[in-house]
Amino acid sequence: MLRPSETPTREAKRLDGLWDFVTDPAGSGRAERWFAGPLAGSRQMPVPASYNDLVPGRDLHDFVGEVWYQRTVRVPRGWSERVVLRFDAATHAAEVWVNETSVAVHTGGYLPFEADITEHVTAGDEVRITVAVDNRLTWETIPPGFVEETSAGPRQRYFHDFFNYAGLHRSVWLSSTPLAHISDITVTTEADLSQAAPEGLVRYEVETQGAGGVVVDILDADGTVVASGTGARGAVAVPSARLWEPGEGHQYTLRARLVDDAGALLDEYPQKFGIRTVEIRGTEFLINGKPFYFTGFGMHEDHEIIGKGHSDAHMVHDFELLTWIGANSLRTSHYPYSEEVMDWADAHGVVVIDETPAVGMSRHVGQQLMGGTPIDSMFSPDRVGEGARAAHAQVIRELVARDKNRPSVVIWSIANEPDSDTEEAEAYFKPLFELTRALDPTRPVGFVNVMMCPEPVCRVSQYADLIMLNRYFGWYAQSGDIPLAEEALEAELVLWEKHGKPIIYTEFGADTLSGLHSLHGSMWTEEYQSELMDMTLRVFDRHDAVVGEQMWNFADFQTSRGIMRVDGNKKGAFTRDRKPKAVAHLLRARWTAL
Ligand code: BDP
């Protein structure tokens with residue numbers, strides 16, 4: 001699936017702005033055919049945004065079920081061929097109607113989907129678009145959850161530590177393509193690193209619908225054609241290639257053209273890509289043959305008011321803060337981020353660990369977040385079972401399909417902190433590793449290990465190309481005791497080193513209330529967060545197998561209510577409104593000097 005684009009043969013129109021909006025607490029919208037006319041009693045709601053925090057009170061914040069969005073749009077006069085409606089994300093599931101016809105059903109809240117609506121529209125006319133968006137998490141969704149029916153109404157329960165924001169979080173697009181068109185492009189690259197000016201090899205595959213032949217050109221950043229090829233698949237050499245490097249996101253464009261027998265243009269699509277290599281050698285993580293050390297954060301798409309809605313202004317500010325602090329990488333904890341974020345990472349050389357939404361699959365963490373209610377096992381037929389695994393496989397397919405051409409993505413993280421110490425977990429994950437590798441043999445595949453499944457009880461790490469660890473020594477364990485935390489961190493790390501694989505610490509940190517201070521190492525203070533950071537980084541520095549440090553979290557973020565959280569998770573280096581805590585200066589001093 002290609003993104004909407006403006007090319008000599010294509011047009012695109014964003015449908016962002018205010019949409020009509022209603023909730024459907026009784027779940028009667030379909031039976032009452034709400035899509036057949038204007039939504040009764042609607043209020044206006046911005047797209048993109050989470051709807052949860054836009055209205056005071058609990059009703060919308062905690063709403064469980066389907067909400068309906070609607071607007072009309074005029075199809076531009078000249079769009080006489082193929083018309084596509086695309087949602088960059090609808091969290092977590094959606095059904096879409098054009099006038100009275102259902103055109104798309106999609107599950108998975110953080111990945112795009114589209115519908116060919118050509119036969120339902122007429123160029124020049126208005127159409128009504130209605131979307132029912134469901135925020136419910138079940139044992140068949142990724143992430144998992146369940147809805148509890150209580151005397152006070154339904155309650156959404158889930159086992160992950162971020163608020164279940166919902167709605168149309170990213171842009172909606174109406175776009176046109178020719179009838180005979182390019183439908184997908186895959187680019188993989190190699191580089192002969194033995195040369196000073198390496199030759200790049202670009203392999204491509206262009207999928208098309210309808211008659212026509214394919215010609216491709218490789219364009220440099222200034223638009224100069226540096227190589228060309230003919231045919232739907234092939235390989236072309238780029239002499240003296242300029243590599244995509246961390247900190248320097250040099251990209252090329254593969255311009256694919258579909259042409260008829262006489263050579264006339266039928267369709268054109270520009271696909272950006274970078275020439276770079278990623279390789280694991282022993283405990284080293286190599287980008288372009290050079291050892292790479294990850295600095296940065298696990299992040300969240302999370303802001304005041306807009307929740308998980310994408311905003312260019314907030315995105316640019318967050319990336320500027322990453323630059324300011326000297327971070328060279330991020331993990332898209334705990335779901336695929338907006339494509340605008342990924343574009344920025346590609347264009348600016350920010351290295352990305354790209355994560356699926358498979359989070360909240362640990363009985364240990366789940367139990368803590370659920371106020372201590374014991375959960376005997378997560379991976380079982382009546383919980384995370386075959387249904388969830390099918391959904392998990394589907395998000396992996398859709399994530400790889402969306403991000404496969406991105407040079408910034410160097411690792412697929414297929415899950416965050418699942419139980420990995422049981423036979424059931426091993427049986428669940430083994431095929432998902434195989435699937436990911438089959439879909440993309442060019443990138444390392446891993447998952448993020450939870451503290452309660454250490455070496456040697458973890459049965460899943462054996463399938464991963466590298467070890468990614470979330471560790472809270474000094475916070476959840478050895479709470480407040482830095483010397484003991486240091487011992488424990490060190491002792492466990494030594495065990496992981498025996499795998500002979502690179503180790504990235506993808507989480508470590510301490511909840512910290514900005515402005516709270518102590519001279520005696522009190523937890524929750526800015527001093528304690530810095531002290532814990534200092535200790536943790538000191539341990540990493542003693543071990544060559546550690547090839548990355550991504551602190552938890554970039555910024556404070558919203559969670560569900562609970563006795564473990566004070567208006568959300570406060571482990572940010574920045575507050576939720578992006579003011580630096582003391583630790584931000586510590587990290588900046590370290591990372592800008594590396
Ligand atoms: C880990 C999770 C992360 C949490 C973090 C924490 O991966 O989502 O927010 O710990 O507790 O369990 O702060």
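Note that ligands are numbered from 1 as they come in the structure, with each ligand's atoms numbered from 1 the same way. We number each residue from 1, following the sequence as shown. This structure is a prediction, so every number in the text was calculated from the model and none was measured. Any value given below was found using the heavy atoms of this structure, including those in side chains, with hydrogens, waters and symmetry copies removed.
Contact check on Arg437 versus Glu434 returns no salt bridge, with no Lys/Arg side-chain nitrogen under 4.0 Å from an Asp/Glu carboxylate oxygen. Ion pairing between Asp88 and Arg3 fails under the 4.0 Å rule for side-chain N and carboxylate O. Note on Arg590 versus Glu549: salt bridge recorded, some NZ/NE/NH1/NH2 to OD/OE distance being below 4.0 Å. Using a 4.0 Å cut-off between charged nitrogen and carboxylate oxygen, Arg565 and Asp567 do not count as a salt-bridge pair.
Remark: minimum distance from atom 1 (C) of ligand 1 to any protein heavy atom is reached at Glu507 OE1, 3.1 Å. At the shortest separation from atom 13 (O) of ligand 1 among protein heavy atoms lies Lys571 NZ, 2.5 Å. For atom 11 (O) of ligand 1, the nearest protein heavy atom (residue, atom name, distance) is Tyr476 OH, 2.4 Å. Nearest protein heavy-atom neighbour of atom 12 (O) of ligand 1: Glu417 OE1, 2.5 Å. When only non-hydrogen protein atoms are considered, atom 9 (O) of ligand 1 lies nearest to Asp161 OD2, 2.5 Å.
Atoms of ligand 1 found under 4.0 Å from any heavy atom of Arg565 (numbered from 1 in listed order, with element): 6 (C), 11 (O), 13 (O). Residue Asn569 has at least one heavy-atom neighbour below 4.0 Å for each of these atoms of ligand 1: 6 (C), 9 (O), 13 (O). Atoms of ligand 1 lying under 4.0 Å from any heavy atom of Phe557, numbered from 1 in the order shown and given with element: 9 (O).
Side chain of Arg170 to backbone of Leu168: no donor-acceptor contact under 3.5 angstrom is found. Under the 3.5 Å distance criterion, the side-chain polar atoms of Gln462 are matched with a main-chain donor or acceptor of Arg459.
Remark: Asp59 CG is loosely packed, at most 12 non-hydrogen atoms of other residues, nucleotides or ligands lying under 6.0 Å away. Heavy-atom neighbours of Leu594 CG from other residues, nucleotides or ligands within 6.0 Å: above the threshold of 12.
Aromatic pair Trp324/His585: centroids less than 6.0 angstrom apart. For Phe557 and Phe574, the ring centers sit 6.0 Å or farther from each other.
Residue Lys570 does not touch ligand 1, judged by heavy-atom distances below 4.0 Å. Neither the backbone nor the side chain of Trp475 has any atom closer than 4.0 Å to an atom of ligand 1 (non-hydrogen atoms only). Contacts with ligand 1 closer than 4.0 Å are made by side-chain heavy atoms of Asn470 only, the backbone lying farther away.
Remark: distances from the non-hydrogen atoms of Arg471 to ligand 1 are all 4.0 Å or more. Assignment of Tyr472 to the shell around ligand 1 is supported, since a heavy atom sits closer than 4.0 Å.
Taking only nitrogen or oxygen atoms, main chain and side chain alike, His334 reaches within less than 3.5 Å of ligand 1. The N/O atoms of Asn416, backbone and side chain alike, include one that comes under 3.5 Å of an N/O atom in ligand 1.
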